[in-house]
Amino acid sequence: MGDSRGGDVKQRFATTQELVVAARQRLDDNVWDFLTGGTESEATLARNRQALDELALRPRVLRDVRKVDPSVELLGCRLRLPLFIAPLGGLTMFDPEGTVAVARAAPTRDTLVFQSSTSLPEIEQGAAAANGRLIYQLYVRGERDWVTAQTERAVACGSRALCITVDSAAYSRRERDMISRFTGGGGSHRVMTSAGREHQAAFNWGDIAFLRKRFPALPVIIKGITTAEDAGLAVEHGVAAVYVSNHGGRQLDHGQGAIEILPEVVDAVRGRAEIVVDGGFVRGTDVLKAVALGATAVGIGKLTGWSLAAAGTAGVERMLDILEEEIVKDMMLLGITRLAELEKSFVCAARATALPSALSAFPRIGADGKWRR
Ligand SMILES: Cc1cc2nc3c(=O)[nH]c(=O)nc-3n(C[C@H](O)[C@H](O)[C@H](O)COP(=O)(O)O)c2cc1C
């Protein structure tokens with residue numbers, strides 16, 4: 001497996017920790033902070049990891065686990081692993097090919113890529129690279145006519161569903177970027193530009209009802225649900241999937257850790273829609289904890305960005321391969337051969353062992369993203 005930046009990717013990256021350190025080396029300080037940081041005090045960001053770390057696994061033993069199948073079906077699409085690539089804006093800051101470089105990894109690893117409406121190049125190129133394994137993620141930047149036109153465009157490209165992000169009524173105060181006066185390259189990466197944000201602030205349940213009526217056959221996913229109340233409303237509005245997310249700690253600060261929210265959402269949804277989640281997931285064990293608590297699949301955000309920065313498409317593919325190795329071994333060690341066997345009894349409350357942060361799942365990496373002894 002070659003990499004345009006030289007070397008054999010499998011040799012260069014035996015662990016995800018090496019992908020993260022390579023990203024730190026390649027990215028300048030401002031872009032690293034944009035990718036790695038969160039909002040204000042970064043409490044939500046840290047809690048994503050803390051909530052994962054405060055769950056321990058309860059493995060079963062003496063079962064025949066020679067053949068393990070970690071695949072899963074999400075919205076009618078078979079995924080090799082119970083995970084997908086979360087929507088990420090600003091990808092051209094991490095790799096010149098941006099969204100295309102990420103999308104290309106989806107068909108080679110049988111996953112799904114969510115394409116951000118703020119990422120470049122446009123959906124048409126991303127969809128071609130993803131070869132049908134793509135879901136378009138929408139930020140609302142216009143009236144209903146504009147939303148309709150964007151949705152039609154996504155459908156025309158073969159998007160399997162429409163993912164509407166609803167946790168971004170305002171662009172939060174990302175203080176790392178504010179302190180460095182970083183604006184994402186003067187708008188050339190589109191992600192930090194503000195034109196039309198007032199439409200997102202106005203967007204409400206009536207607009208979801210409108211979209212469901214206008215596109216009855218199109219599965220809708222609402223991304224950014226963090227309460228049982230809103231999960232219930234989403235189901236009443238006929239969504240296909242509830243996407244539990246606090247935006248990786250990049251929107252409202254002082255929220256709950258994402259996996260902490262999962263049980264109340266599972267109770268509220270009562271099997272009437274699929275449930276996916278993201279926020280802090282970087283390990284096979286993290287992913288399996290979410291599946292045990294009732295999620296179908298987990299979105300991978302920052303780790304995708306780091307892997308892309310480390311080695312382009314080959315880096316993202318390597319990340320997915322490492323996660324597969326972790327998940328298969330973890331399933332064997334948990335005593336299960338299929339994900340359907342995972343349920344609540346496989347997890348229990350525990351004390352976290354490390355101070356939580358975006359990088360705390362990587363014991364050899366310091367807070368600055370560099371190797372430590
Ligand atoms: C650099 C970056 C850009 C993002 N851009 C978007 C976006 O355009 N749309 C969106 O819905 N979420 C966006 N998110 C949030 C992710 O989709 C996801 O919710 C979050 O990254 C998950 O947490 P994790 O980074 O800890 O995996 C972005 C996240 C990052 C790190």
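Start at 1 and go down the list; that is how both ligands and their atoms are numbered. Computed from a predicted model, the values in this text were never measured in an experiment.
Across every non-hydrogen atom of V277 and Y243, the tightest pair is C-CE2, 4.1 Å.
Using modelled atom types and a 3.5 Å distance limit, the side chains of S119 and T99 yield no donor-acceptor pair. Under 3.5 Å, the side chains of R78 and S71 contain a donor-acceptor pair of N or O atoms. Using modelled atom types, one finds no donor on one side chain facing an acceptor on the other under 3.5 Å when comparing Q200 with S168.
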One pair per line, please: each N/O atom of ligand 1 matched with every protein N/O atom under 3.5 Å away, atom names first, then the distance to 0.1 Å.
from: ligand 1; atom 1: 5 (N); to: G89; atom 2: N; distance (Å): 2.8
from: ligand 1; atom 1: 8 (O); to: G89; atom 2: N; distance (Å): 3.3
from: ligand 1; atom 1: 8 (O); to: S116; atom 2: OG; distance (Å): 2.6
from: ligand 1; atom 1: 8 (O); to: T118; atom 2: OG1; distance (Å): 3.4
from: ligand 1; atom 1: 9 (N); to: Q137; atom 2: OE1; distance (Å): 3.0
from: ligand 1; atom 1: 9 (N); to: Y139; atom 2: OH; distance (Å): 2.9
from: ligand 1; atom 1: 11 (O); to: T165; atom 2: OG1; distance (Å): 2.7
from: ligand 1; atom 1: 11 (O); to: K223; atom 2: NZ; distance (Å): 3.0
from: ligand 1; atom 1: 12 (N); to: P87; atom 2: O; distance (Å): 3.4
from: ligand 1; atom 1: 12 (N); to: K223; atom 2: NZ; distance (Å): 3.0
from: ligand 1; atom 1: 12 (N); to: H247; atom 2: NE2; distance (Å): 3.3
from: ligand 1; atom 1: 14 (N); to: P87; atom 2: O; distance (Å): 3.3
from: ligand 1; atom 1: 14 (N); to: H247; atom 2: NE2; distance (Å): 3.4
from: ligand 1; atom 1: 17 (O); to: P87; atom 2: O; distance (Å): 2.6
from: ligand 1; atom 1: 17 (O); to: K223; atom 2: NZ; distance (Å): 3.0
from: ligand 1; atom 1: 19 (O); to: K223; atom 2: NZ; distance (Å): 3.0
from: ligand 1; atom 1: 19 (O); to: S245; atom 2: OG; distance (Å): 3.3
from: ligand 1; atom 1: 19 (O); to: D278; atom 2: OD1; distance (Å): 3.1
from: ligand 1; atom 1: 19 (O); to: D278; atom 2: OD2; distance (Å): 2.7
from: ligand 1; atom 1: 25 (O); to: K302; atom 2: N; distance (Å): 2.8
from: ligand 1; atom 1: 25 (O); to: K302; atom 2: NZ; distance (Å): 3.0
from: ligand 1; atom 1: 26 (O); to: G280; atom 2: N; distance (Å): 2.7
from: ligand 1; atom 1: 26 (O); to: K302; atom 2: NZ; distance (Å): 3.2
from: ligand 1; atom 1: 27 (O); to: G301; atom 2: N; distance (Å): 3.0

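Clustering ILVMFWY residues whenever any of their side-chain heavy atoms sit less than 4.5 angstrom apart, transitively, puts Y139 in a cluster other than the one holding I221.
T111 places a side-chain N or O within donor-acceptor distance of the main-chain N or O of L83, the cut-off being under 3.5 Å.
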